[in-house]
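Since the structure comes first, as structure tokens, the remarks are kept for the end.
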Amino acid sequence: MDWQPERIPELTPETLEFADPEVLPPLELVPVTEISLDLEVPQDANLPIALADLSAPSSDAAEVQIPLIEQIKRELEDVGDEDLKPARIQIGLLFVGVSALLLMSLLLYITAMHPGLTVKQQMLRYWSEYVGFVGLGVAGLMMLGREAMRSPQISEEGDR
């Protein structure tokens with residue numbers, strides 16, 4: 001029995017025709033003028049510090065900002081330790097929650113993508129992520145512990 005391989009005819013690749021890209025017009029640079037810098041801002045909006053009076057010459061700009069900076073400094077002096085307590089508690093809870101979420105997502109990733117790894121291999125491969133996520137949680141717990149151990153402010157009336 002003589003077996004002869006069949007000849008497979010060579011296919012010629014099809015040539016594809018692509019459309020020519022559009023020629024974009026060149027960019028025109030517009031000169032910056034004072035009119036183009038005007039901002040429409042409502043009067044009751046909370047503005048950042050730098051938007052007091054931009055129309056003043058640059059030498060007078062610092063003098064225009066001084067009263068605004070003094071006002072902000074007086075407002076910040078009124079902020080006490082008791083006013084910042086809720087923010088510190090929320091940041092501590094945020095750190096703990098994000099840490100737990102990241103640890104659970106790391107565990108899910110390891111079990112889904114690398115099911116054959118032993119616990120030792122998992123720790124050897126992903127120790128840096130694990131240490132980072134645990135460190136974030138410990139930082140949050142330290143913030144919460146610090147807030148819990150603070151003594152309440154004793155008022156002059158002695159009602160606490």
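Position 1 is the first residue of the sequence; numbering continues from there.
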In chain order, what residues pass the side-chain hydrogen bond (donor to acceptor under 3.5 Å, both in side chains) check against Glu14, with sequence neighbours excluded? none
Counterpart residues, side-chain hydrogen bond (donor to acceptor under 3.5 Å, both in side chains), relative to Tyr130 (two or more places apart): none
hydrophobic_cluster_shared for [Y] and [X], side chain cutoff 4.5 Å:
| X | Y | result |
| --- | --- | --- |
| Tyr109 | Val134 | yes |
| Met123 | Val138 | yes |
| Met113 | Tyr126 | yes |

Salt bridge (Lys or Arg N to Asp or Glu O under 4.0 Å) contacts touching residues 120-139 (sequence neighbours left out): none
Which heavy atom in Leu102 sits nearest to a heavy atom in Ser105, and how many Å separate them? O-OG, 2.8 Å
Minimum heavy-atom distance between Leu136 and Phe95, given as atom pair plus value: O-CB, 3.8 Å
Would you be so kind as to tabulate the donor-acceptor pairs closer than 3.5 Å made by side chains of residues 66-77, with sequence neighbours excluded?
from: Gln71; atom 1: NE2; to: Glu75; atom 2: OE2; distance (Å): 3.3

Going by the rule salt bridge (Lys or Arg N to Asp or Glu O under 4.0 Å), which residues pair with Arg88 if we only count those two or more places apart in sequence or in a different chain? Asp81, Glu147
Running the 4.5 Å side-chain criterion over Ile, Leu, Val, Met, Phe, Trp and Tyr, what cluster does [X] land in, apart from itself?
| X | answer |
| --- | --- |
| Leu84 | Val79 |
| Leu107 | Met104 |
| Trp127 | Val131 |
| Ile89 | Leu93, Val96, Leu141, Leu144 |

At what distance, to the nearest 0.5 angstrom, does OG1 of Thr111 lie from CG of Leu117? 10.5 Å
Which side chain to side chain donor-acceptor pair (under 3.5 Å) pairs, counting each pair once, include a residue from residues 21-30, with sequence neighbours left out? none
